[in-house]
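Residue numbers count from 1 along this sequence. Computed from heavy atoms alone, side chains included, the values below leave out hydrogens, waters and symmetry copies. Order of appearance sets the numbers: ligands from 1, and atoms from 1 within every ligand.
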Amino acid sequence: MKNREASSDKLIVLSRNQHTISRKSISDSALKVLYRLSKSGHRACLVGGGVRDLLLKIQPKDFDVATDATPEEVRGLFKNSRIIGRRFRLVHIRFGRDIIEVATFRAHDEDSPKTELDTHGRILRDNTFGEIEEDAMRRDFTVNALYYDIHDYAVLDYTGGLKDIDNRQLRLIGDAATRYQEDPVRMLRAVRFAAKLDFSIETSSASAIHEYGHLLAVIPPARMFDEVIKLFHSGNAVRVFELLREYRLLKYLVPELDEWLQQEANEMMLDFIDQALVNTDNRVNTGQPVSPAFIFAVLLWPAVQEQASRLQPDKQKLIPALAQVGETVMKRQVRHVSIPRRFSQMARDIWTSQPRFYRTQGKQPLRMIGYPVFRAAYDFMLIQSMVGLFPHKLSHWWTDFQSQHEFAPEPARKRKQRPRRRPRRNAS
Ligand code: ATP
Ligand code: MG
């Protein structure tokens, strides 16, 4: 197959009064970009999640624009822009904290020198520009390939996306096996959108996930980190987790958790994960901050906890065992999903803090609430307590204690007096 077949006789057009998308629900920044491109003689459309979500009456989290202008032409039109990416060259246009992503219409042409595939058929580079119909065909799911044309406010559907929106299903465009081979991350995207939109995954797009899940092993760990965070910070982490298990994808993201799930039947620990994901969803959906450190601390906790207690059955001496196991578990984990150091360190601090919550005597508790990791470690402990993994009485004690000291300054640490060094003299 050279160019993926694209024919506009299948095109469905909804004119401005046949759909419910109104410019009022599109951000000012996105409208500015669309109008400036259009006034400069270019074709400019809203595409992807923006159109899909507006048709479903969901407020989009960002807006993507597709155009026939080249990245350089777009760059020339907007001072506040820069060209990013190698695999896919895109332009980011910045308006304060808002970024509008502008992509040039592309064709998927395997024989072009601007397309590069690896031995598994994975696309490494795809910068062959093309027509809007071709651009639609190279997108992942039909519901992500709808265009809202700023020229006449029509919605354009080249792939049957409108019907799939009505049927609430995710369908890959083209042959499922080929599309997952080109980019295995599409399997994670299927799970993410199915969870977010409460859509089903159409049969052949779903069954191919079982067959090609292993291809996720070839994805660079840095890209995997981005995807894992998108999955678990989507506000639908509970459902995402269920689907990752259903489609047997968890083992490519957090292998040690997957192994633990195969062997152990510790109901309380399972409840712990569920409860932590419920909390994360609540936080995301009410605009509270969430940290990748917390998610990885949660997902790896069953393995870390189990291995540390095997190494050191004496609960009193668990901290060094948690530190040691935490380090090795993290080392193995980052081979699959690279976790930036500040997060992996914080996850390890959350783990080693847990036994300290048993100590309520002396100066320890006050010192403990001064640690930068305290808040996260405390939230983690509360979840353990909710599911019966930590005594309620103690968790109440900590809740009272920390609320009494909430506004107290950090406890001053006594520093050892060091002998003052004389200033070094200049050699001359
Ligand atoms: P959301 O922004 O809500 O997460 P989205 O659908 O907008 O969802 P983005 O990652 O912002 O997703 O991508 C924008 C669009 O680019 C998608 O809707 C899709 O058309 C296309 N796209 C993104 N990633 C891929 C991919 N891996 N393969 C094919 N097309 C993709
Ligand atoms: Mg988007």
*Considering only NZ, NE, NH1 and NH2 on the basic side and carboxylate oxygens on the acidic side, decide whether Asp53 and Lys196 come within less than 4.0 Å.*
yes

*Where does Phe193 meet ligand 1, judged by heavy-atom distances below 4.0 Å: at the side chain, the backbone, both, or neither?*
side chain

*Using the six-membered ring of Phe294, assess whether NZ or CZ of Arg283 lies under 6.0 Å from its centre and within 45 degrees of the ring axis.*
no

_Close approach, Arg189 and ligand 1, non-hydrogen under 4.0 angstrom_ = yes

*Nearest to atom 28 (N) of ligand 1, what protein heavy atom do you find, and at what distance?*
Arg186 NE, 2.8 Å

*Polar contact flag for Gly49 and ligand 1 (N/O pairs, less than 3.5 Å)*: yes

_Angle subtended at the Mg ion (ligand 2) by Asp64 OD2 and Asp62 OD1, rounded to 10 degrees_ = 100°

_Asp62 and ligand 1 - part of the residue with a heavy-atom distance under 4.0 Å_ = side chain

*Any non-hydrogen atom of Arg192 lying under 4.0 Å from ligand 1?*
yes

*ligand 1 versus Asp140, non-hydrogen atoms closer than 4.0 Å: side chain, backbone, both, neither?*
both

*Polar contact flag, side-chain donor to acceptor under 3.5 angstrom, Asp349-Tyr371*: no

_Closest protein heavy atom to atom 1 (P) of ligand 1, given as residue, atom name and distance to 0.1 Å_ = Lys61 NZ, 3.5 Å

*Could you find the nearest protein heavy atom to atom 3 (O) of ligand 1 and give me its residue, atom name and distance?*
Arg52 NH2, 3.1 Å

*Can you check whether Arg43's main-chain N or O pairs, donor with acceptor, with Thr67's side chain at less than 3.5 Å?*
yes

*Does Lys230 pair with Glu227 as a salt bridge, N-O distance under 4.0 Å?*
yes

*Strictly under 4.0 Å, does any heavy atom of Arg138 approach an atom of ligand 1?*
yes

*asked:* Counting only heavy atoms closer than 4.0 Å, does ligand 1 sit against the backbone of Asp64, its side chain, both, or neither?
replied: side chain

*asked:* So for ligand 1, is Asn144 a polar contact partner (N or O within less than 3.5 Å, distance only)?
replied: yes

*asked:* Only heavy atoms of Gly48, strictly under 4.0 Å: list the atoms of ligand 1 that pass.
replied: 18 (O)

*Do Asp28 and Asp98 pass the side-chain contact (heavy atoms from CB on, under 4.5 Å) test, and can you show the C-alpha distance, the side-chain angles, and the key distance before you say yes or no?*
CA-CA 10 Å; Asp28 289 346; Asp98 211 10; over 6 Å; no

*asked:* For a side chain to side chain donor-acceptor pair (under 3.5 Å) check, start with the C-alpha distance between Trp301 and Gln384, then their side-chain angles and the critical distance, and finish with the verdict.
replied: CA-CA 11 Å; Trp301 182 231; Gln384 295 220 77; 3.0 Å; yes

*Between Asp258 and Arg248, does at least one N-O distance fall below 4.0 Å, as a salt bridge requires?*
no

*Can you find a non-hydrogen atom of Lys196 under 4.0 Å from ligand 1?*
yes

*Side-chain ion pair, Asp64 and Arg139, N-O less than 4.0 Å*: no

*Report the nearest protein non-hydrogen atom to atom 27 (N) of ligand 1: residue, atom name, distance rounded to 0.1 Å.*
Asp183 OD2, 2.8 Å

*Distance only, no hydrogens: is a donor on one side chain within 3.5 Å (strictly under) of an acceptor on the other, for Thr399 and Tyr378?*
yes

*Only one of Arg189, Arg186, Arg171, Arg179 clears side-chain hydrogen bond (donor to acceptor under 3.5 Å, both in side chains) with Asp140; which?*
Arg189

*To the nearest 0.1 Å, how far is atom 21 (C) of ligand 1 from its closest protein heavy atom, and which atom is that?*
Arg139 NH1, 3.4 Å

